[in-house]
Number of protein chains: 2
Amino acid sequence: MEICITSLLRDKGFKVTPQRLAIYNMLASTRSHPNAEMIFNELQAMYPTMSLATVYKTMEILREIGLVQVLNAGEDSFRYDAVMTNHPHVRCTECGQVEDVHDINIDAFVDEVSQGTKYQIMGQQFYFHGVCPTCQHKKIN
Amino acid sequence: MEICITSLLRDKGFKVTPQRLAIYNMLASTRSHPNAEMIFNELQAMYPTMSLATVYKTMEILREIGLVQVLNAGEDSFRYDAVMTNHPHVRCTECGQVEDVHDINIDAFVDEVSQGTKYQIMGQQFYFHGVCPTCQHKKIN
DNA sequence: TTTTTACGGAAAATAATTATTGAATAGTTT
DNA sequence: AAACTATTCAATAATTATTTTCCGTAAAAA
């Protein structure tokens, strides 16, 4: 794990710094799909001099070397995900949380689009929005 | 058409203004999914006093009364679409154009996600990117 | 260790979008 | 038609996410 990001950074000519490791580790150990500000706030306690610009610059590098993907869930800011398998995301319009959608097969759907459009499809992003189970229950009360 | 937007605006308590009609008509008669700036540039010749803010506010109203949908195609600005059926979009990474994906059935896919996540799905955005047929040919040359 | 090079971080810059505001206009009542 | 009221237009200013600049400093190479 640690070895992986370290050597990946080095191989691509980037330096291995405490900030970069901290940002990646934080992202890899959460399921909350934070945006830049959430990451910044989370790390500020441990790294008091951490700046937002560092978060942005680091995310750009991590994206470039294929360690994180950038999520555009229709909000006013981007979220980040250290899980690199391309899976859909659902956002709850009530509480704002963003979750992964696992165990769903998108290949047939992608093929259909590829054939229908004649595009050479390189990738895709699927975003759903709705109300999560928890918030559905809250609404009833 | 014209009657439709006029009465829709009136019914919801919005005034019918030349700017609003012009913006909607421009959007309804293009397939290019413009963003606010493109709409603004297009209409400035005919409506010299048109401002970007007017475009944004008008789009907000049109969205509210259900005449346009807002596309978040992962770019740095929003695009708009007067076609209200919820269809996927493909963006060409070479030339940047955004096209509709028609004649594809998404219901089964949405149902599957709904059951898998237990979310009450209210909507979704499917966003593909790749290389359009025209740019594929250009690359060969 | 020394040298080289990239990095971190504060602050300023940028760009998309939103809010505010005063003048103009439409709608309504008299 | 005049007076009154409410709404809209569109310029300006404000806001917010993200990027860039710049320079002392830390990491990697020699």
Side-chain angles (χ1 to χ4, degrees), chain A residues 2-3 5-26 33-65 68-80 96 98, chain B residues 5-24 33-65 68-80 96 98:
Chain A
E2 195 73 354
I3 296 160
I5 174 175
T6 297
S7 52
L8 257 171
L9 281 169
R10 265 205 199 101
D11 290 354
K12 304 270 182 172
F14 297 108
K15 290 190 176 166
V16 179
T17 68
Q19 288 88 343
R20 290 177 181 172
L21 295 179
I23 289 172
Y24 179 72
N25 287 335
M26 181 269 180
H33 307 91
N35 59 25
E37 201 176 358
M38 292 163 167
I39 296 171
F40 170 69
N41 289 335
E42 177 98 21
L43 292 176
Q44 207 167 24
M46 205 76 116
Y47 297 81
T49 68
M50 175 79 65
S51 85
L52 253 182
T54 301
V55 175
Y56 281 112
K57 281 188 262 194
T58 300
M59 297 317 301
E60 169 58 25
I61 290 173
L62 293 178
R63 187 194 60 74
E64 194 178 326
I65 65 180
V68 308
Q69 60 175 314
V70 181
L71 308 184
N72 187 334
E75 299 166 296
D76 48 7
S77 64
F78 293 111
R79 289 171 178 262
Y80 302 95
V98 174
Chain B
I5 174 175
T6 298
S7 52
L8 256 173
L9 281 169
R10 275 220 185 87
D11 290 354
K12 302 272 182 171
F14 297 107
K15 291 200 174 152
V16 180
T17 68
Q19 288 89 345
R20 290 177 181 172
L21 294 178
I23 290 172
Y24 179 73
H33 306 91
N35 59 26
E37 200 174 1
M38 292 163 167
I39 296 171
F40 171 68
N41 289 335
E42 180 98 353
L43 293 176
Q44 204 168 25
M46 205 75 115
Y47 297 82
T49 68
M50 175 82 65
S51 85
L52 250 185
T54 302
V55 175
Y56 280 113
K57 278 186 286 193
T58 300
M59 297 317 302
E60 169 58 25
I61 290 173
L62 293 177
R63 187 194 60 74
E64 195 177 327
I65 65 180
V68 309
Q69 59 175 315
V70 180
L71 308 183
N72 187 333
E75 298 165 296
D76 49 5
S77 63
F78 295 112
R79 289 172 179 263
Y80 302 96
V98 173

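Chain naming here is simple, since letters A, B, ... match the order of the sequence lines and numbering starts at 1 in each.
- Atom CG in A:D11 sits roughly 11 Å away from atom P in D:dA29 (whole-Å rounding).
- Of the listed nucleotides (D:dT18, D:dT8, C:dC7), C:dC7 has the atom at the smallest distance from the side chain of A:F14.
- The side chain of B:T54 places no N or O atom within less than 4.0 Å of a non-bridging phosphate oxygen (OP1 or OP2) of D:dC9.
- Considering all non-hydrogen atoms of both residues, A:V55 and A:A36 come closest at CG1-O, 3.8 Å.
- Among D:dT8, C:dA16, C:dA11, the nucleotide with an atom closest to any side-chain atom of B:E37 is C:dA16.
- Taking atom CD of A:Q44 as the reference point, atom P of C:dG9 lies 11 Å away to the nearest angstrom.
- Rounded to a whole Å, the CE atom of B:M59 is 15 Å from the C1' atom of C:dA16.
- Between the CZ atom of A:R63 and the P atom of D:dT18 there is a distance of 14 Å, rounded to whole Å.
- In this entry the distance linking CE of B:M38 with P of C:dT17 reads 12 Å, nearest Å.
- Side-chain N or O atoms of A:T58 include one that pairs as donor or acceptor with a backbone N or O of A:T54 at under 3.5 Å.
- Between the CZ atom of A:F14 and the CD1 atom of A:I5 there is a distance of 11.5 Å, given to the nearest 0.5 Å.
- Dashed line: the shortest gap from a side-chain N or O of B:Q19 to OP1 or OP2 of D:dA10 is under 4.0 Å.
- Regarding contacts with the backbone of C:dG8, a side-chain N or O of A:R20 is found under 4.0 angstrom from either OP1 or OP2.
- Using a 4.0 Å cut-off, some side-chain N or O of A:Y56 falls inside it from OP1 or OP2 of D:dT18.
- No engagement by A:P48 is indicated, since no non-hydrogen atom pair under 4.0 Å with the nucleic acid exists.
- Atom CG of B:L9 and atom C1' of C:dA26 are 15 Å apart (whole Å).
- Judged by distance alone with a 3.5 Å cut-off, a donor-acceptor contact links the side chain of A:K57 to the base of C:dG9.
- A sub-4.0 Å separation between OP1 or OP2 of D:dA27 and a side-chain N or O of A:T17 is absent.
- Proximity of a side-chain donor or acceptor of B:R79 to a complementary backbone N or O of B:H33 within less than 3.5 Å is detected.
- When distances are taken from the side chain of A:T49 to each of C:dA10, D:dT18, D:dA10, the shortest belongs to C:dA10.
- As rounded to whole Å, 17 Å separates atom C1' of D:dC9 from atom CD of B:E60.
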**Item:** Stepwise salt bridge (charged side-chain N to carboxylate O under 4.0 Å, His left out) check, B:R63 with B:E60
**Value:** CA-CA 5 Å; B:R63 187 194 60 74; B:E60 169 58 25; 3.0 Å; yes
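- A:F40 places its CZ atom 14 Å from the C1' atom of D:dT18, with the value rounded to the nearest Å.
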